[in-house]
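Note that this is a predicted model, so its numbers are computed, not measured. For this chain, numbers begin at 1 and follow the sequence in order.
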Amino acid sequence: ELVLCMCVMAASLSRLKVFPLPGPGRAAGCIPGFVFTNSAPVLGGASVVQCRGVHHAVVPRGRGGRSSFSGLAVTAFGGNGFLGRYVVNRLAREGSQIILPHRCDEYDVMYMRPMADLGQLLMFPGFSIRDTDRIMKMIEHSNVVINMIGQDSETWSYSFEEVNVEWPRRLGEMCRDVGVKKLVHLSALNSDISHSTSKQLRTKARGEDVLRDVFPDATIIKPSMMFGREDRYFNFYARQRRMPFIPMISLGKKTVKQPVYVSDVARAVCEAVCRADSVGETYELVGPKAYVLYDLVDYIYRMIHYPFRPLPVPRTLLRGALAITEKSGPFIPLLTRERVEMFHQSDSVTLGSQGLSALDVTPTDVETAAIRGLRFFRQYAWFKSLAEDTEGPKTVPNI
């Protein structure tokens with residue numbers, strides 16, 4: 001039997017063919033045509049000399065797509081968040097290798113495994129922004145780092161100052177020290193140190209400044225409030241559908257919002273990662289239409305077929321009541337003072353700033369995409385009704 005097996009193997013080896021390389025820069029040892037020596041891979045009898053200062057494992061290879069490698073080794077901080085999962089999905093299907101730090105249970109991020117090919121998505125559990133040594137290990141082999149970490153309310157463990165100011169500064173210093181090629185930082189629209197009424201937005205603005213000081217070539221992306229299937233914007237109002245009233249400052253008639261679809265922001269992030277002309281640039285991303293907040297929330301309730309019952313509440317009274325409820329329990333409340341300021345601050349775009357069009361992204365309007373997340377709040381009788389059956393919200397001139 002052993003002799004028979006050896007004969008079959010010899011016959012099989014005699015019929016093997018060496019095929020040409022299917023794409024430039026494929027890794028040595030991964031495809032037919034390469035013969036290994038102790039010094040360097042050999043192709044067709046000639047030694048292949050590595051002409052770049054990188055390991056052959058991170059050289060682009062393949063025909064493009066999920067099972068190839070784009071040459072991007074990306075560390076995505078906050079990659080399991082609302083925006084992060086869309087960014088990771090887009091990068092992974094282009095063949096990028098992604099390092100995903102997270103601090104949740106491994107089963108909570110298990111759904112992200114199929115986004116990338118086998119071995120292309122590396123997860124680091126137990127992540128902390130205070131663990132400098134471990135963060136250095138996460139970024140030392142990456143050529144792109146994306147920071148999508150943020151929070152919309154302060155907790156006992158993390159303040160806005162630490163998350164929005166100190167963390168970008170330390171990350172920029174670490175990326176500079178290890179030689180990261182590109183750093184993409186997610187901030188927020190309306191972030192301004194002197195004019196923003198929200199502490200979160202003021203610290204976001206300071207974080208942009210300190211990041212520019214330590215990493216001048218960082219790409220900063222400032223989206224407006226994002227909506228999507230898992231958002232905390234449209235879903236926040238939809239979850240109050242059974243409440244007797246919806247508290248709003250001045251009924252929301254003095255606030256103009258220009259929400260942007262989360263998938264458009266994710267595509268813009270990926271474009272900023274891949275484009276060479278995005279280095280050191282700042283992009284302000286907004287949707288194609290602007291709405292008065294009252295009309296926008298009214299549209300949400302008409303979309304889910306529930307009555308809209310707003311209640312005008314003075315700003316000082318609402319903030320005073322939330323100051324008590326924020327610290328009264330062990331969990332983060334549904335509504336906080338910071339979220340009130342975020343919801344009721346009108347969007348403003350800097351004159352001459354770059355947006356989605358600069359990254360070749362066509363924005364999606366609310367009337368097209370809102371139904372994808374709001375359908376789940378409908379009663380069974382209206383579940384299958386079309387989005388076109390609901391009249392869209394009134395628009396105002398773009399900001």
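- At a threshold of 4.5 Å between side-chain heavy atoms, the hydrophobic network of Ile, Leu, Val, Met, Phe, Trp and Tyr places Ile146 and Ile149 in two separate groups.
- Side-chain atoms of Gln97 never come within 3.5 Å of backbone atoms of Ala73 as a donor-acceptor pair (strictly under, hydrogens ignored).
- In Leu386, the CG atom is crowded: over 12 heavy atoms of neighbouring residues, nucleotides or ligands sit closer than 6.0 Å.
- Partners of Tyr158 according to the ring pair (Phe, Tyr, Trp, His ring centres under 6.0 Å) rule, which considers only residues two or more places apart in sequence or in another chain, do not exist here.
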What pairs of donor and acceptor atoms, side-chain ones from residues 266-277 against any protein atom, are under 3.5 angstrom apart with sequence neighbours left out?
from	atom 1	to	atom 2	distance (Å)
Arg267	NH2	Asp360	O	3.4
Arg275	NE	Asp277	OD1	3.3
Arg275	NH1	Asp360	OD2	2.8
Arg275	NH2	Asp277	OD2	3.3
Arg275	NH2	Ala358	O	3.2

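- The main-chain N or O of Met112 is never found under 3.5 Å from a side-chain atom of Arg85 such that the two would form a donor-acceptor pair.
- The shortest side-chain heavy-atom distance between Val297 and Pro310 does not fall under the 4.5 Å cut-off.
- Nearest heavy-atom pair across Met148 and Gly79 is CE-CA, 4.0 Å.
- Listed by first and then second residue, the ring pair (Phe, Tyr, Trp, His ring centres under 6.0 Å) pairs involving residues 178-201 amount to none (not counting sequence neighbours).
- When only modelled atom types and interatomic distance are considered, Ser142 and Thr75 share a side-chain donor-acceptor pair under 3.5 Å.
- Of all heavy-atom pairs spanning Val180 and Phe215, the tightest one is O-CZ, 3.7 Å.
- Residues Leu83 and Ile99 do not share a hydrophobic cluster, clusters being chains of Ile/Leu/Val/Met/Phe/Trp/Tyr side chains in contact below 4.5 Å.
- Here the side chains of Val145 and Leu183 are in contact, with some heavy-atom distance below 4.5 Å.
- In the model, Ser198 has no side-chain atom that pairs as donor or acceptor with a side-chain atom of Lys204 under 3.5 Å.
- Side chains of Met342 and Asp152 form no contact here, defined as non-hydrogen atoms less than 4.5 Å apart.
- Side chain of Asp298 to main chain of Arg302: no donor-acceptor pair is present (N/O by atom type, distance under 3.5 Å, no hydrogens or angles).
- Side-chain contact check for Ser224 and Gln258: no donor-acceptor pair (N or O, by modelled atom type) lies under 3.5 Å.
- Ion pairing between Glu94 and Arg90 fails under the 4.0 Å rule for side-chain N and carboxylate O.
- The neighbour count for Arg103 CZ, taken as heavy atoms of other residues, nucleotides or ligands under 6.0 Å away, does not exceed 12.
- Applying the side-chain hydrogen bond (donor to acceptor under 3.5 Å, both in side chains) test to every pair with at least one member in residues 113-127, sequence neighbours left out, gives these pairs: Ser67-Asp117.
- Between Arg176 and Val214 there is a side-chain heavy-atom pair separated by less than 4.5 Å.
- Checked by atom type and distance alone, the side chain of Asp264 pairs as donor or acceptor with a backbone atom of Thr364 at under 3.5 Å.
- Arg202 contributes a side-chain N or O that, together with a main-chain N or O of Ser196, makes up a donor-acceptor pair within less than 3.5 Å.
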Side-chain donor/acceptor pairs under 3.5 Å, residues 349-357, sequence neighbours excluded:
from	atom 1	to	atom 2	distance (Å)
Thr350	OG1	Glu284	OE2	2.8
Ser353	OG	Glu284	OE1	3.4
Ser353	OG	Thr350	O	2.8
Gln354	NE2	Glu281	OE1	2.8

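- Formation of a donor-acceptor pair under 3.5 Å by the Asn190 side chain with backbone atoms of Ser348 is found in this model.
- Put simply, the side chain of Leu211 does not reach to within 4.5 Å of the side chain of Ser187, judged on heavy atoms.
- Only one option out of Glu208, Arg212, Lys222 pairs with Thr282 in a side chain to side chain donor-acceptor pair (under 3.5 Å); it is Arg212.
- Alongside Val165, the hydrophobic cluster contains Val210 (criterion: ILVMFWY side chains under 4.5 Å).
- Thr219 contributes no side-chain N or O that, together with a main-chain N or O of Val184, makes up a donor-acceptor pair within less than 3.5 Å.
- Not one N or O on the side chain of Asp192 forms a donor-acceptor pair closer than 3.5 Å with the backbone of Leu201.
- Sorted by first and then second residue, the side-chain hydrogen bond (donor to acceptor under 3.5 Å, both in side chains) pairs with a member in residues 123-133 read Arg130-Glu162, Thr132-Arg170; sequence neighbours excluded.
- Pairs of residues two or more places apart, or lying in two chains, that qualify as ring pair (Phe, Tyr, Trp, His ring centres under 6.0 Å) and include a residue from residues 239-286 are Phe227-Tyr261.
- With sequence neighbours left out, the ring pair (Phe, Tyr, Trp, His ring centres under 6.0 Å) criterion links His305 to Trp382.
- Between Arg319 and Glu341, at least one side-chain N (NZ, or NE/NH1/NH2) sits under 4.0 Å from a carboxylate O, which counts as a salt bridge.
- Residues Ile139 and Trp167 fall within the same hydrophobic cluster, defined by Ile, Leu, Val, Met, Phe, Trp and Tyr side chains chained together at heavy-atom separations under 4.5 Å.
- Looking only at side-chain heavy atoms (C-beta outward), Pro363 and Val260 stay at 4.5 Å or farther from each other.
- Of the possible polar contacts, one joining the Glu338 side chain to the Gln200 backbone as a donor-acceptor pair under 3.5 Å is found.
- Of the possible polar contacts, none joining the Arg378 side chain to the Arg375 backbone as a donor-acceptor pair under 3.5 Å is found.
- For the ring pair (Phe, Tyr, Trp, His ring centres under 6.0 Å) test, residues two or more places apart in sequence or in another chain that qualify with Phe343 are Tyr233, Phe236, Tyr237.
- Cluster annotation: Met225 and Val366 are assigned to the same hydrophobic cluster (Ile/Leu/Val/Met/Phe/Trp/Tyr, side-chain heavy-atom contacts under 4.5 Å, transitive).
- In this structure Phe308 satisfies the ring pair (Phe, Tyr, Trp, His ring centres under 6.0 Å) test together with Tyr294, Tyr301, sequence neighbours excluded.
- A heavy-atom distance below 4.5 Å is found between the side chains of Asn143 and Leu72.
- Sequence neighbours left out, the pairs with a member in residues 99-127 that pass ring pair (Phe, Tyr, Trp, His ring centres under 6.0 Å) are Phe77-Phe127.
- Side chains of Ile193 and Asp209 form a contact here, defined as non-hydrogen atoms less than 4.5 Å apart.
- Here the shortest heavy-atom pairing between Pro168 and Gly207 reads CB-O, 4.1 Å.
- Linking ILVMFWY residues whenever their side-chain heavy atoms come closer than 4.5 Å, directly or via other members, places Val256 and Val340 in the same cluster.
- Taking CD1 of Ile249 as the reference point, atom NE2 of His344 lies at 4.5 Å (rounded to 0.5 Å).
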